[in-house]
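In what follows, a structure is listed as structure tokens, so that the remarks can point back to it.
Values below: all heavy atoms of this structure, side chains included; hydrogens, waters and symmetry mates excluded. Computed from a predicted model, the values in this text were never measured in an experiment.
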Amino acid sequence: MNYNFGEIEKKHQENWKRNQIYKVEIDNTKPKFYVLDMFPYPSGAGLHVGHPLGYIASDIYSRYKRLQGYNVLHPMGFDAFGLPAEQYAVQTGQHPAITTEINIKRYKEQLSKIGFSYDWSREVRTSDPNYFKWTQWTFLKMFHHWFNTDTQKAEPIETLIKEFEKNGNTKINATCSITPHFEAAVWNGMDEAEKDVILMNYRLAYRAKTTVNWCPALGTVLANDEVKDGVSERGGYPVIQKDMMQWQLRITAYAKRLLTGLDNLEWTDSLKEMQRNWIGRSEGAEVYFDIKDTDEKILVFTTRPDTIFGATFMVLAPESKLVDKLTNIENSEEVDQYVTYAKNRTERERQADAQNITGVFTGSYAINPFTKKEIPIWTADYVLGGYGTGAIMAVPAHDSRDYAFAKHFNIEIIPVVEGGDIEKESYDAKTGKMINSDFLNGLDVKDAVKKMLKEVETRNLGKRKVNYRLRDAIFSRQRYWGEPFPIYYKDDRAVPLKEEELPLTLPDTDDYKPTETGKPPLGRVENWLYDGKYKYELSTMPGFAGSSAYYLRYMDPHNNKALVSKEADAYWQDVDLYIGGTEHAVGHLIYSRFWNKFLYDIGIVIKDEPYKKLVNQGMIQGRSNFVYRIKNTNKFVSFNFRNNYEFTEIHVDVNMVNNDILDIETFKKWRPEFADAEFIFEEDGKYHCGYAVEKMSKSKYNVVNPDNIIEQYGADTLRLYEMFLGPLEQSKPWDTNGIEGVFRFLNKFWRLFFDNEGNINLSEEKANKEEQKVIHTLIKKVGEDIERFSFNTTVAAYMVCAGDLSKLKCNKLEVLENFLIVLSPFAPHIAEELWQLSGHKTSIADAEFPKYNSVFLTEDTVKYPVAFNGKTRFTIEIEKDMQKSEIEKIILNDLRTKQRLEGKTVKKIIIVQGRMVNIVI
RNA sequence: GCGGAUGUGGCGUAAUUUGGUAGCCGCGCUAGACUUAGGAUCUAGUGCCGAAAGGCGUGGGGGUUCGAGUCCCUUCAUCCGCACCA
């Protein structure tokens with residue numbers, strides 16, 4: 001019987017499905033293990049060979065854990081809301097729900113062929129009303145909660161109202177938008193609408209006017225993590241800054257916890273570092289600067305309070321509300337022009353133009369609180385409206401940006417720390433002795449900072465402050481294909497739906513474009529009203545809404561009374577292993593942690609952090625092939641001769657190239673213009689292509705579809721080969737040529753079970769010492785390698801073992817059974833087939849991972865490498881227990897040693913027992 | 001500029017625990033066997049130089065050590081992330 005992978009794989013995939021082999025339930029007799037993949041957005045293009053890499057790795061780990069006796073939760077679902085489906089709908093008029101359904105079907109087909117151990121009964125889709133009901137529900141919970149900065153915890157809005165009734169907002173320490181102080185009497189005198197406005201400043205989900213990343217081409221607002229290099233991450237369209245009324249999530253309230261929570265996670269350092277940078281904690285002080293001739297003050301944030309004596313001017317961000325107030329009549333035209341100019345610049349222009357120094361003097365002066373000198377107030381776009389207070393005290397001597405600005409506009413530069421040469425450049429380092437700074441003179445920077453902080457507070461000029469770069473998350477998207485907000489408007493007041501009224505589903509429409517007046521697509525829908533009267537919120541939620549708590553829903557996916565039951569949450573708790581791409585390092589992974597912390601605060605989940613261990617799989621790159629057309633001809637020159645000509649490099653489809661040799665006939669048929677192409681071949685008469693490692697993409701003709709690989713070699717070969725390619729975390733190119741190696745291995749493995757006539761042929765005989773050694777070496781290696789996610793070396797170990805066993809002509813059941821079990825996480829189909837052919841009635845998934853016995857691994861003799869001055873020259877086999885002195889004798893008496901030592905004296909002999917020998921001459 | 005990672009045969013890579021035989025495994029290549037045929041299968045060889053003896057060899061330079069891919073210093077290259085963050 002031959003290894004008929006097609007038949008075997010189909011059969012077992014059907015069996016597993018029919019017998020619900022991978023369905024899991026809460027089982028208190030077993031320890032739980034939760035393995036999660038980042039669920040995919042089902043795009044129209046389907047899967048290419050790079051997508052399943054992480055899924056295969058997590059599947060191996062899941063199967064391994066199950067063999068070890070864990071109750072493994074390993075679910076899959078779809079991040080089904082999203083922009084591409086909507087853009088496709090705009091073009092074709094097809095409802096996104098329909099195209100999404102089609103794409104999901106295709107994805108599931110492709111995934112099912114790879115033989116994953118998913119419990120599909122737990123599938124979730126973010127676009128399913130039964131799912132997004134709980135997304136909306138959590139949003140409402142956030143709406144009804146505020147963040148108590150003292151307790152670092154979300155609390156119900158009712159506690160806040162009680163406090164306002166009693167004390168106003170003077171005593172409470174809450175994370176909120178800027179709100180003036182008021183006493184209880186003022187609060188109690190407000191009407192409902194006024195109270196609403198105040199409460200909005202405190203809610204964790206709130207609506208406010210803010211400067212947003214507006215992408216005109218997409219017709220929507222984007223979050224910071226959706227903007228890369230000043231253009232939209234999806235599509236690469238320009239993004240500008242715009243003031244808009246938007247729903248937001250007060251994620252900044254959790255900045256501290258999001259930062260400290262990282263410490264105990266088993267994530268890579270680089271990923272944690274990315275999150276730390278994104279949160280961007282910095283310690284310093286907020287200091288007020290008086291302004292000459294008015295009562296206004298400018299509040300600045302600085303990490304270098306020690307340098308205040310060197311502050312010779314101030315800069316306001318162009319967006320700052322103070323700009324208007326502080327601009328003199330004679331400067332107003334120039335300032336207005338500048339502010340308009342700055343506002344209309346795209347993020348990209350601003351970033352690209354960073355060296356180009358611009359700014360305008362407002363005409364006003366601030367008073368340096370320590371030198372009492374008047375210093376000019378400028379506005380310039382190197383100061384960002386969104387960070388700190390949107391205003392800075394500029395210390396040109398010790399900040400390179402301020403320095404460049406001062407030089408450009410000829411502003412005074414006063415050094416206050418010794419060390420640099422301010423004629424040439426600013427001295428930014430935080431070391432040195434203070435000068436020109438009155439009571440700070442002579443102190444080290446560190447001490448000066450401390451002293452100044454104290455001084456600022458005693459003089460009542462400001463206070464210590466920890467500042468975060470993290471912004472509140474903008475939660476509105478002006479799109480159709482997302483979760484509707486459970487909000488309607490009554491006299492312009494946002495009113496939340498009641499929990500019982502959820503889910504609020506999307507109304508139908510046949511036009512998915514924004515309206516002519518710039519309203520979101522939902523604005524087109526007539527009669528979409530609450531209670532027949534009130535308008536709903538027209539924007540929808542962003543992509544990260546649905547993906548923030550999906551891992552929780554898998555624990556209890558069909559529960560229609562709760563996001564997750566207490567019982568399910570208590571059992572499954574958190575994700576033990578999360579595998580996904582690094583592209584979600586700051587987006588999804590930070591929103592999801594925030595979302596989870598909020599649910600923790602309100603008692604829905606028992607774990608403060610959702611993802612205990614996280615592994616980022618590397619990208620599978622494409623391996624492109626090229627042909628070289630000689631300029632102005634239809635003649636193609638082979639790779640090694642190309643430099644004799646002027647040529648154009650042209651991508652060719654990798655599917656018509658084998659080991660870099662071009663299939664001429666297929667190439668000629670590929671495109672009409674190549675039909676009568678001519679070629680300059682190499683000596684071997686073949687056309688050799690060039691190659692390059694690039695991103696896998698259609699336009700580069702280097703996309704490889706897993707379906708084709710499975711068709712040709714089977715899923716087990718695909719799984720093994722993806723792992724064999726290299727370390728999981730590393731990016732590496734896909735090269736189909738190498739796949740033959742693992743395919744040969746599986747065939748060789750198969751033959752271990754059969755005789756020459758193709759009949760199953762297994763021996764009941766007990767294994768001998770050598771056979772035991774071979775299989776136990778494998779058992780040990782596989783366990784250790786899987787634990788440390790070194791799947792590439794595991795595959796190598798399988799190959800070595802199969803080679804050894806076939807040399808030993810070992811067909812003993814005792815040995816091969818163990819091999820089957822340890823191979824089954826990687827190649828479940830062939831393992832299941834041979835498991836059953838060897839007489840088992842139950843699935844190999846229910847087997848037990850064998851334990852290795854170290855007795856079989858120890859040897860009686862050791863092959864000692866004998867080195868001369870550190871260079872190994874020969875090896876010699878010596879009994880393991882032999883004493884050093886005897887080893888020395890044997891080595892020195894060896895002929896090869898004598899040859900080497902001729903005429904030389906031995907200075908020293910180093911013998912490490914059981915390891916090696918080094919002779920120094 | 002800051003932060004992180006990575007540099008080993010023609011290619012993908014291995015060398016875990018503790019510094020102890022560098023190149024496991026696979027692709028490719030070479031030769032052979034079988035075959036009507038080979039883009040099938042099997043066997044052997046394959047880091048580089050050299051006929052061999054031997055020498056050299058983990059991006060470069062330096063150091064520690066009996067011994068360094070592994071530790072230290074320095075330098076270069078590539079990739080990723082962040083980037084007027086006060």
Side-chain angles (χ1 to χ4, degrees), chain A residues 228-229 268-274 276-278 280-282 284 300-304 307 315 317 350-351 353-355 357 380-384 386-395 398-402 404-405 428 467-470 582-583 585-586 616 618-619 623 658-661 663 691 693 720-721 724-727 729-745 747-748 781 784-785 787-788 790 792-800 803 863-875 907-912 914-921:
Chain A
K228 287 252 151 75
D229 298 326
T268 59
D269 288 337
S270 72
L271 190 65
K272 287 190 194 181
E273 203 51 36
M274 273 192 235
R276 289 195 187 105
N277 288 339
W278 192 257
R281 182 181 193 272
S282 52
V300 300
F301 173 73
T302 177
T303 55
R304 294 293 302 274
T307 62
V315 186
R350 207 169 143 157
Q351 280 176 14
D353 223 17
Q355 322 80 322
I357 295 154
D381 69 357
Y382 84 91
V383 172
L384 308 172
Y387 183 76
T389 61
I392 62 160
M393 64 170 207
V395 184
H398 304 290
D399 181 290
S400 54
R401 294 151 302 171
D402 297 344
F405 194 83
D428 295 19
N467 200 45
Y468 293 96
R469 194 188 82 113
L470 186 70
T582 178
E583 67 271 22
V586 289
N616 286 125
M619 276 240 271
R623 189 180 184 281
N658 197 322
N659 284 328
D660 294 334
I661 307 293
D663 182 336
Y691 76 90
V693 173
L720 280 167
Y721 188 54
F724 188 60
L725 235 33
E729 285 101 328
Q730 205 169 296
S731 285
K732 57 247 163 190
W734 176 272
D735 183 1
T736 305
N737 292 317
I739 204 168
E740 298 281 352
V742 292
F743 185 60
R744 278 185 203 126
F745 155 69
N747 280 286
K748 195 171 192 172
K781 175 95 176 133
E784 286 170 352
D785 283 359
E787 294 284 0
R788 62 189 175 105
S790 178
N792 53 327
T793 53
T794 318
V795 180
Y798 292 142
M799 290 172 171
V800 171
K863 253 190 193 172
Y864 278 86
V866 180
F868 292 78
N869 289 335
K871 298 249 176 222
T872 306
R873 296 306 175 189
F874 63 88
T875 59
K907 282 189 194 148
K908 202 174 174 188
I909 298 183
I910 293 124
I911 298 172
V912 182
R915 279 259 183 218
M916 47 69 65
V917 176
N918 189 18
I919 300 173
V920 187
I921 45 180

(message) Under 4.0 Å, counting only non-hydrogen atoms across every strand here, what does A:Ser282 touch: a base, just sugar-phosphate, or nothing?
(response) sugar-phosphate
(request) Please report, rounded to the nearest Å, how far the C1' atom of B:C56 is from the CZ atom of A:Arg873. (result) 10 Å
(message) Applying side-chain hydrogen bond (donor to acceptor under 3.5 Å, both in side chains), can you list everything that pairs with A:Ser790, at least two apart in sequence or on another chain?
(response) A:Thr793
Pairs under 3.5 Å (N/O, protein and nucleotides 4-9 of chain B):
none

(message) Within 90° of 0 counts as syn, otherwise anti: where does B:G38 fall?
(response) anti
(message) Say we look at B:C48 and B:G57: how far apart would their P atoms be, to the nearest angstrom?
(response) 16 Å
(request) Taking only the side-chain heavy atoms of A:Tyr382 (C-beta and beyond), determine which of B:C84, B:G81, B:U13 contains the nearest atom. (result) B:C84
(message) How many whole angstroms separate atom CZ of A:Arg281 from atom C1' of B:G3?
(response) 18 Å
(request) Using the C1' atom as the reference point in each nucleotide, state the distance between B:A14 and B:U70 in Å, no decimals. (result) 14 Å
(request) Examine B:G81: is either OP1 or OP2 under 4.0 Å from a nitrogen or oxygen in the side chain of A:Arg276? Give yes or no. (result) no
(message) Nearest whole Å is fine: how far is B:C82 C1' from A:Tyr387 OH?
(response) 14 Å
(request) Name all residues meeting the side-chain hydrogen bond (donor to acceptor under 3.5 Å, both in side chains) criterion together with A:Thr736; count only those two or more places apart in sequence or in a different chain, and write none if there are none. (result) A:Trp734
(message) Are the side chains of A:Phe743 and A:Tyr721 in contact, using a 4.5 Å heavy-atom criterion?
(response) no
(message) Test of understanding: with side chain to side chain contact (heavy atoms under 4.5 Å, CB included), list the residues that count as partners of A:Ala380, not counting sequence neighbours.
(response) A:Val315, A:Tyr338, A:Tyr382, A:Phe405
(message) Once you apply a heavy-atom cut-off of 4.0 Å, does A:Asn792 come out as touching a base, just sugar-phosphate, or nothing?
(response) sugar-phosphate
(request) Rounded off to whole Å, could you give me the CG-to-C1' distance for the A:Asp399 and B:G1 pair? (result) 13 Å
(request) In whole angstrom, give me the gap between the C1' atoms of B:U18 and B:G1. (result) 39 Å
(request) Classify every nucleotide of nucleotides 15-30 of chain B by which part a protein heavy atom approaches to under 4.0 Å, writing B for the base, S for the sugar-phosphate alone and - for neither, in 5'-to-3' order. (result) S----BBS--BSSS--
(request) Can you tell me the distance, in whole Å, between the CD1 atom of A:Ile911 and the C1' atom of B:G67? (result) 14 Å
(request) Return the 5'-most residue of the pair A:Tyr468, A:Thr582 with respect to RNA chain B, ranking by each residue's nearest nucleotide. (result) A:Thr582
(request) Find the distance A:Met619:CE to B:C79:C1' and express it as a whole number of Å. (result) 11 Å
(message) So A:Leu384, base contact, sugar-phosphate only, or nothing? Heavy-atom distance under 4.0 Å.
(response) base
(request) With the side chain counted from C-beta on, respond yes when A:Val866 and A:Thr872 share a heavy-atom pair under 4.5 Å apart, and no when they do not. (result) no
(request) Quote, to the nearest angstrom, the P distance that separates B:G63 from B:G9. (result) 24 Å
(request) Would you indicate whether the side-chain heavy atoms of A:Ile910 and A:Val917 approach each other to under 4.5 Å? (result) no
(message) Holding to side chain to side chain contact (heavy atoms under 4.5 Å, CB included), I want the full list of residues that pass it with A:Arg623, two or more places apart in sequence or in another chain.
(response) A:Asn625, A:Asp660, A:Tyr691, A:Asp735
